[in-house]
Amino acid sequence: MAPNKLNSSSGNSSVHGSQSDNGFISSFSLFPEKAVQELLQSPVQGSDDHLIEFSEALRTVAKALRRVAEGKASAQAEAAEWKRKFELERARNLQFDSTEKSSLENQADLGDVRINNPANHPPLSKKANERFERCCSSNGICSHEVLRDGKSDSDSKMVRKASFKLSWYCKGEQSDQHKHDVVSFEKGNITTAERSSKQISLKWESSPQTVLILTKPNSASVQILCVEMVRWLRQQKKLNIYVEPRVRVDLLTESSYFNFVETWNDDKEVLALHTKVDLVITLGGDGTVLWAASMFKGPVPPIVPFSLGSLGFMTPFYSEHYKECLDSILKGPISIALRHRLQCHVIRDAAKNEYEAEEPILVLNEVTIDRGISSFLTNLECYCDNSFVTCVQGDGLILSTTSGSTAYSLAAGGSMVHPQVPGILFTPICPHSLSFRPLILPEHVTLRVQVPFNSRSPAWASFDGKDRKQLEPGDALVCSMAPWPVPTACLVDSTNDFLRSIHEGLHWNLRKTQSFDGPRES
Ligand SMILES: NC(=O)c1ccc[n+]([C@@H]2O[C@H](COP(=O)([O-])OP(=O)(O)OC[C@H]3O[C@@H](n4cnc5c(N)ncnc54)[C@H](O)[C@@H]3O)[C@@H](O)[C@H]2O)c1
Ligand SMILES: Nc1ncnc2c1ncn2[C@@H]1O[C@H](COP(=O)(O)OP(=O)(O)OP(=O)(O)O)[C@@H](O)[C@H]1O
């Protein structure tokens with residue numbers, strides 16, 4: 001194991017003494033074992049049996065304490081995993097509830113009248129159940145109509161969120177099958193039943209009515225495009241438009257015509273945005289897509305990212321052609337990439353129990369745990385589910401999504417991974433070890449990064465390059481895949497867009513072709 005080699009090559013005599021029972025070196029050296037070794041090797045060693053006994057006792061206590069700390073770490077990781085499963089289940093149930101609601105309403109032909117209290121709902125009838133099976137289980141996933149707070153719009157009509165259907169494409173063929181099993185055991189043969197990653201297609205079942213436009217701040221070109229786009233979407237497409245409060249002020253400064261543009265007043269309203277908005281348009285670079293994703297702490301509406309930045313890995317749409325692009329997106333179908341996000345919990349040692357954990361933070365690119373302004377090496381203990389992974393000694397660690405694999409993780413030596421590959425990248429930053437290669441772990445794991453109690457300095461976590469949080473010794477960051485991915489519209493499809501971005505954005509493997517004339521294999 002990497003830390004083993006590093007320790008032994010640096011001549012650390014405590015290696016064997018601190019090897020734990022499950023075979024890894026823990027850095028929970030709460031007792032200075034080096035000092036104990038020195039005592040053992042000193043001239044007093046032979047003469048003072050008590051001292052030897054005392055040092056043995058110290059070592060036993062150190063081992064016991066280490067086991068307790070490891071036990072606590074694994075219990076916390078398990079609790080986080082249960083919490084994640086619970087949240088996943090709750091999200092599924094909520095989705096199921098809204099399906100149930102719309103099925104019942106359709107059956108009773110209630111038109112626009114909605115029952116707001118799910119508790120009033122009778123259990124699903126057999127017919128509704130069959131309908132749910134037909135609609136969601138075998139024909140892709142349907143979105144469900146959501147009312148806008150029960151309020152009416154300016155024309156005093158109820159505004160519904162547009163509904164859509166998702167289906168999968170594999171090798172150019174459409175498949176409506178929504179199969180849960182990845183492996184089939186039919187007739188005793190083990191075969192792969194479904195590929196986990198396919199091109200997803202979104203088809204509107206009712207027309208989108210509300211868009212949210214998010215813009216990169218302090219950019220004149222973005223501001224000009226925003227004014228034009230809002231006018232066009234309203235006049236030509238009759239859409240309701242939401243913008244950020246600062247953008248609404250800008251638009252009203254431009255002209256009082258933009259009075260129809262809506263915004264929000266507080267964070268509570270931001271949390272409800274996903275129930276009102278059919279489509280999010282971003283005008284900026286990758287940072288604006290990250291910003292858009294960070295606004296949605298739960299489900300995210302499809303995002304159409306227009307490129308007005310320098311690199312644009314996640315922004316395939318050309319702003320010059322916005323009318324044609326939006327025309328075709330509003331009609332559908334749209335190829336979309338479902339970009340996974342990571343859900344991060346900071347767990348403070350000072351917290352009395354797991355439920356005092358801070359609000360989870362969702363990241364689209366990565367969470368980074370680094371040394372911040374400290375000049376000391378970071379010392380981070382990493383666990384994957386209940387297994388010890390390694391101890392990171394270096395500048396830090398990046399836990400990245402596959403979408404983020406072309407960002408900071410790439411700069412730190414991680415692989416570039418297609419965004420539809422389900423996985424978590426584990427990439428060290430400047431590790432002080434010759435053998436620390438980056439890893440890619442499966443998407444179902446829970447990772448835990450612990451700042452050990454004996455760390456010389458605190459560590460710092462940052463989320464998509466923002467919101468730095470200090471992690472004191474004893475604090476931990478627990479991270480797993482979030483149940484709410486970010487659906488981004490593709491220009492062609494997720495593979496074509498990914499390859500185009502690494503070619504155009506990074507000039508990947510660009511080399512002059514060798515000329516034909518010259519020596520040949522005879
Ligand atoms: N050494 C590095 O490469 C480094 C250092 C710090 C942060 N970052 C990245 O910057 C991101 C924040 O982006 P920002 O725009 O808010 O900050 P920013 O304005 O500092 O831009 C960072 C750069 O990273 C690019 N980028 C962002 N996400 C990308 C992705 N998924 N694939 C390819 N390139 C991507 C952006 O286009 C931009 O050029 C962080 O999530 C982190 O990944 C990279
Ligand atoms: N709507 C927004 N509100 C506040 N900050 C934003 C918003 N959109 C983007 N930002 C921030 O502005 C910064 C720059 O955004 P972005 O990356 O989109 O533009 P860029 O730097 O010009 O693009 P590129 O990185 O491709 O050169 C990012 O740090 C991002 O978080």
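The basis for the numbers below is simple: all heavy atoms, side chains too, and nothing from hydrogens, waters or symmetry mates. In each ligand, atom 1 is the first atom listed, and ligand 1 is the first ligand listed.
Residue, atom and distance of the protein heavy atom nearest to atom 3 (N) of ligand 2 are Trp291 CE2, 3.1 Å. If you check which protein heavy atom lies closest to atom 14 (P) of ligand 1, you get Gly287 CA, 3.9 Å. Looking from atom 41 (O) of ligand 1 to the surrounding protein, the closest heavy atom is Glu366 OE2, 2.6 Å. Taking atom 4 (C) of ligand 1 as the reference point, the nearest protein heavy-atom neighbour is Tyr408 CD1, 3.5 Å. The protein heavy atom nearest to atom 29 (O) of ligand 2 is Lys466 NZ, 3.0 Å. At the top of the distance list for atom 35 (C) of ligand 1, counting protein heavy atoms only, stands Asp286 OD2, 3.5 Å. The protein heavy-atom contact nearest to atom 17 (O) of ligand 2 is Gly287 N, 3.0 Å. The protein heavy-atom contact nearest to atom 39 (O) of ligand 1 is Leu311 CD2, 3.9 Å. Protein heavy atom at the shortest distance from atom 9 (C) of ligand 2 is Thr288 OG1, 3.3 Å. For atom 10 (N) of ligand 2, the closest heavy atom belonging to the protein is Pro217 CD, 3.7 Å. Remark: minimum distance from atom 15 (O) of ligand 2 to any protein heavy atom is reached at Lys216 CD, 3.8 Å. Of the protein's non-hydrogen atoms, the one nearest atom 29 (C) of ligand 1 is Ala407 CB, 3.5 Å. Scanning the protein for heavy atoms near atom 11 (C) of ligand 1, the closest one is Asn365 ND2, 4.0 Å.
Where the criterion is an N or O separation shorter than 3.5 Å, residue side chain and backbone included, Gly285 meets it with respect to ligand 2. Of the N or O atoms in Leu311, one or more lie within a sub-3.5 Å distance of an N or O in ligand 2.
A donor-acceptor pair under 3.5 Å is formed between the side chain of Arg234 and the backbone N or O of Leu239.
Ring to ring, Phe296 and His274 are not that close: their centroids are 6.0 angstrom or more apart.
Proximity to Arg246 (heavy-atom distance under 4.0 Å) selects the following atoms of ligand 2: 1 (N), 2 (C), 3 (N). Of all atoms in ligand 2, numbered sequentially from 1 with element shown, those under 4.0 Å from a heavy atom of Ser310 are 23 (O), 24 (P), 26 (O), 27 (O). For ligand 1, the atoms sitting less than 4.0 Å from at least one non-hydrogen atom of Leu290 are 12 (C), 13 (O), numbered in the order shown with element in parentheses. Residue Glu244 approaches ligand 2 through these ligand atoms, each under 4.0 Å from one of its heavy atoms: 1 (N), 2 (C), 3 (N). Every atom of ligand 2 is numbered from 1 in the order shown, and the set under 4.0 Å from a heavy atom of Thr215 is 1 (N), 2 (C), 7 (C), 8 (N). Atoms of ligand 1 found under 4.0 Å from any heavy atom of Lys466 (numbered from 1 in listed order, with element): 16 (O). Within the listing of ligand 2, atoms 18 (O) sit less than 4.0 angstrom from a heavy atom of Gly284.
Residues Trp291 and Glu244 form a side-chain contact, since some pair of their non-hydrogen atoms from C-beta on lies under 4.5 Å apart. Put simply, the side chain of Trp484 does not reach to within 4.5 Å of the side chain of Lys297, judged on heavy atoms. Within the 4.5 Å cutoff, side-chain heavy atoms of Asp464 are placed close to those of Leu364. Between Cys226 and Val247 the shortest side-chain heavy-atom distance falls below 4.5 Å.
Gln199 and Ser494 share a side-chain donor-acceptor pair at under 3.5 Å. Under 3.5 Å, the side chains of Thr427 and Ser409 contain a donor-acceptor pair of N or O atoms. Side-chain polar atoms of Thr263 and Arg248 form no donor-acceptor pair below 3.5 angstrom. Counting only N and O atoms by type, the side chains of His418 and Thr495 include a donor and acceptor under 3.5 Å apart.
For atom 17 (O) of ligand 1, no protein heavy-atom neighbour is found at a distance under 4.0 Å. There is a protein heavy atom closer than 4.0 angstrom to atom 43 (O) of ligand 1. Distance screen at 4.0 Å: atom 22 (C) of ligand 1 has no protein heavy-atom neighbour inside the cut-off. There is no protein heavy atom less than 4.0 angstrom from atom 13 (C) of ligand 2. Within the 4.0 angstrom cut-off, atom 21 (O) of ligand 2 has no protein heavy-atom neighbours. Within a 4.0 Å radius of atom 2 (C) of ligand 1, the protein contributes at least one heavy atom. Under the 4.0 angstrom criterion, atom 31 (N) of ligand 1 counts as having a protein heavy-atom contact.
When heavy-atom distances to ligand 1 are checked against a 4.0 Å cut-off, Ala412 has no atom that comes that close, whether in backbone or side chain. In Ala411, the part holding a heavy atom less than 4.0 Å from any atom of ligand 1 is the side chain.
Under the 4.0 Å criterion applied to side-chain N and carboxylate O atoms, Arg371 and Asp395 are assigned as salt-bridge partners.
Of the inter-residue distances, the one linking Trp264 atom CH2 with Leu271 atom CG reads 11.5 Å to the nearest 0.5 angstrom. Taking SG from Cys382 and CZ from Phe426, the interatomic distance works out to 4.0 Å, rounded to the nearest 0.5 Å. The CZ atom of Phe498 sits 6.5 Å away from atom OG1 of Thr406, with the distance rounded to the nearest 0.5 Å. In this structure, CD1 in Ile281 is found 10.0 Å from SG in Cys325, a value given to the nearest 0.5 Å.
Residue Gly285 places no heavy atom under 4.0 Å from ligand 1.
Comparing heavy-atom distances from atom 34 (N) of ligand 1 across Thr406, Thr368, Thr315 singles out Thr406 as nearest.
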Checklist entry - Stepwise, does the side-chain contact (heavy atoms from CB on, under 4.5 Å) test hold for His345 with Gln343? => result CA-CA 7 Å; His345 293 265; Gln343 181 168 262; 4.1 Å; yes
Item to check | Step-by-step salt bridge (charged side-chain N to carboxylate O under 4.0 Å, His left out) determination, Arg348 to Asp475 | outcome: CA-CA 5 Å; Arg348 302 284 177 196; Asp475 292 350; 2.9 Å; yes
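For the pair Cys391 and Phe388, the tightest heavy-atom approach, listed with the atom from each and the gap, is N-CZ, 3.8 Å. Contact between Trp204 and Ile329 at its shortest, heavy atoms only, is NE1-O, 2.8 Å.
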